[in-house]
Q: 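I am attaching a structure below and will ask some questions about it afterwards.
Counting convention: from 1, in listed order, for ligands and their atoms alike.
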Amino acid sequence: MTEEAPQTESTEQLARSQIESDGVSSLVVNDLTLEDLNDIEWSGGPLHPESVRKALERKNNGEVDYLTVRAPNGKPITIGGVDYKARKGTGTMWQLATMESLRGLGLGTKLIESLEQKIKGKGLKVATLSVEKDNPLARALYERLGYDIFDHDQESWEELDENGQPYTYVAEVDLMRKELL
Ligand SMILES: CC(C)(COP(=O)(O)OP(=O)(O)OC[C@H]1O[C@@H](n2cnc3c(N)ncnc32)[C@H](O)[C@@H]1OP(=O)(O)O)[C@@H](O)C(=O)NCCC(=O)NCCS
């Protein structure tokens, strides 16, 4: 009789059991790196890892910070960046995403708090972000964390359609801000 290979626990299982036993605060938050790009396919469409790679390149000249909350096996489970060039005098958070099966556990909150610390560390007193008008769950999170709508805008980025053809996705967004104390 052949022995079955031991099942490796998935990143989701490892993260969930650590959160259940020791809470979200026990998880590590640190810089997302180029080595992580193969492990963030869950964070968006097929073109998304490339846009994250471009964001990581901007870290080198201090325009961007990019953080991740990691599962106990080191894999990213929540990611997001802050852009210091997008709006003068503020840090603009963007590309926030938590692995789908781990949403609603406090990981996004932990990441946003860490990004706010980065913004404060640059001597800036205001954090901003944009949220699509049809994303009420994310808006509710930002409101709970103290963000208020101050304007509206349109943003666009490249996506692939169901036939793999690139197109420009245009989003109507609310712009939100928070004074960092
Ligand atoms: C928005 C997002 C980053 C929040 O991360 P998270 O790890 O779920 O955040 P938290 O667990 O700290 O907070 C959960 C809150 O987020 C909101 N939320 C947004 N989408 C959610 C989802 N799919 N499931 C559960 N909560 C969600 C809820 O308002 C929830 O509020 P509550 O804690 O009062 O119940 C994450 O839900 C996500 O990746 N969504 C898809 C991508 C996206 O919309 N990104 C934001 C673009 S502006």
Q: Can we say Arg139 and Glu132 salt-bridge, meaning some charged N sits less than 4.0 Å from an Asp/Glu carboxylate O?
A: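 Salt bridge absent between Arg139 and Glu132.
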Q: Output the list of atoms in ligand 1 that are nearer than 4.0 Å to some heavy atom of Ser130, sorted by atom number.
A: 48 (S)
Q: Show me which atoms of ligand 1 lie under 4.0 Å from any heavy atom of Gly106.
A: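 In order of numbering, the contacting atoms are 10 (P), 11 (O), 12 (O).
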Q: Going by atom types alone, do Asn61 and Glu63 pair a side-chain donor with an acceptor below 3.5 Å?
A: yes
Q: Assess, by modelled atom type and distance only, whether the side chains of Gln95 and Ser43 contain a donor and an acceptor separated by less than 3.5 Å.
A: no
Q: Should Tyr142 be listed as contacting ligand 1, given a heavy-atom distance under 4.0 Å as the test?
A: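 Within the 4.0 Å threshold, so yes.
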Q: Could you check whether Arg177 pairs with Asp151 (Lys NZ or Arg NE/NH1/NH2 to Asp/Glu carboxylate O, under 4.0 Å)?
A: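 Answer for the salt bridge query: no.
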Q: Would you kindly check if the NZ (Lys) or CZ (Arg) of Lys59 is within the cone defined by 45 degrees around the ring axis of Tyr66 and under 6.0 Å from the six-membered ring centre?
A: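 Here Lys59 fails the 6.0 Å and 45° test against Tyr66.
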Q: For atom 16 (O) of ligand 1, which protein heavy atom lies nearest, and how many Å away is it?
A: Leu141 CB, 3.4 Å
Q: Using a 4.0 Å heavy-atom threshold (strictly under), name the region of Leu105 that reaches ligand 1: side chain, backbone, both or neither.
A: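 It is the backbone that gets close, since no side chain atom is under 4.0 Å.
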Q: Between the side chains of Lys133 and Asp174, is the shortest nitrogen-to-carboxylate-oxygen separation below 4.0 Å, so that they form an ion pair?
A: yes
Q: Nearest heavy atom to atom 34 (O) of ligand 1: which of Met99, Glu143, Arg144 does it belong to?
A: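 Shortest heavy-atom distance from atom 34 (O) of ligand 1: Arg144.
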Q: Please identify which atoms of ligand 1 are closer than 4.0 Å to at least one heavy atom of Gly108.
A: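 Every atom of ligand 1 under 4.0 Å from some heavy atom of Gly108: 5 (O), 6 (P), 7 (O), 9 (O), 10 (P), 12 (O).
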Q: In the protein, which heavy atom is nearest to atom 17 (C) of ligand 1, and how far is it?
A: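 The protein heavy atom lying closest is Leu137 O, 3.1 Å.
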Q: Is the closest N or O pair between Ala138 and ligand 1 shorter than 3.5 Å?
A: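 It does not: no N or O of Ala138 is found under 3.5 Å from an N or O of ligand 1.
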Q: If you measure every N or O of Thr78 against every N or O of ligand 1, does any of those distances drop under 3.5 Å?
A: no
Q: Regarding Glu155 and Trp157, is there a side-chain donor-to-acceptor distance under 3.5 Å anywhere?
A: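 There is no such pair between these side chains.
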Q: Would you say the side chains of Thr92 and Thr128 form a donor-acceptor pair under 3.5 Å?
A: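 Distance-only check passes for Thr92 and Thr128.
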Q: Would you indicate which of Leu96, Leu107, Thr109, Asn135 comes nearest to atom 44 (O) of ligand 1 when only heavy atoms are counted?
A: Asn135
Q: Indicate yes or no: does Glu57 engage Arg53 in a salt bridge with an N to O separation below 4.0 Å.
A: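 So Glu57 pairs with Arg53 through a salt bridge.
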Q: If you measure every N or O of Ala140 against every N or O of ligand 1, does any of those distances drop under 3.5 Å?
A: no
Q: Tell me the nearest of Lys110, Arg103, Met93 to atom 41 (C) of ligand 1, using heavy-atom distances.
A: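 Answer by nearest heavy atom: Arg103.
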Q: Any ion pair linking Asp36 and Arg70 (charged N to carboxylate O, less than 4.0 Å)?
A: yes
Q: Identify the closest protein heavy atom to atom 5 (O) of ligand 1: which residue and atom is it, and at what distance?
A: Thr98 OG1, 3.2 Å
Q: For ligand 1, which is the ligand I care about here, please tell me if Ala97 has any N or O atom under 3.5 Å from one of the ligand's N or O atoms.
A: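 Among all N and O atoms of Ala97, none is under 3.5 Å from an N or O of ligand 1.
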Q: Looking at atom 2 (C) of ligand 1, is any protein heavy atom nearer than 4.0 Å to it?
A: no
Q: Establish, from distance only, whether the side-chain atoms of Asp65 and Tyr84 form a donor-acceptor pair under 3.5 Å.
A: yes
Q: Give me the residue, atom name and distance of the protein heavy atom closest to atom 14 (C) of ligand 1.
A: Gly104 CA, 3.8 Å
Q: Would a search of protein heavy atoms around atom 20 (N) of ligand 1 find one under 4.0 Å away?
A: yes
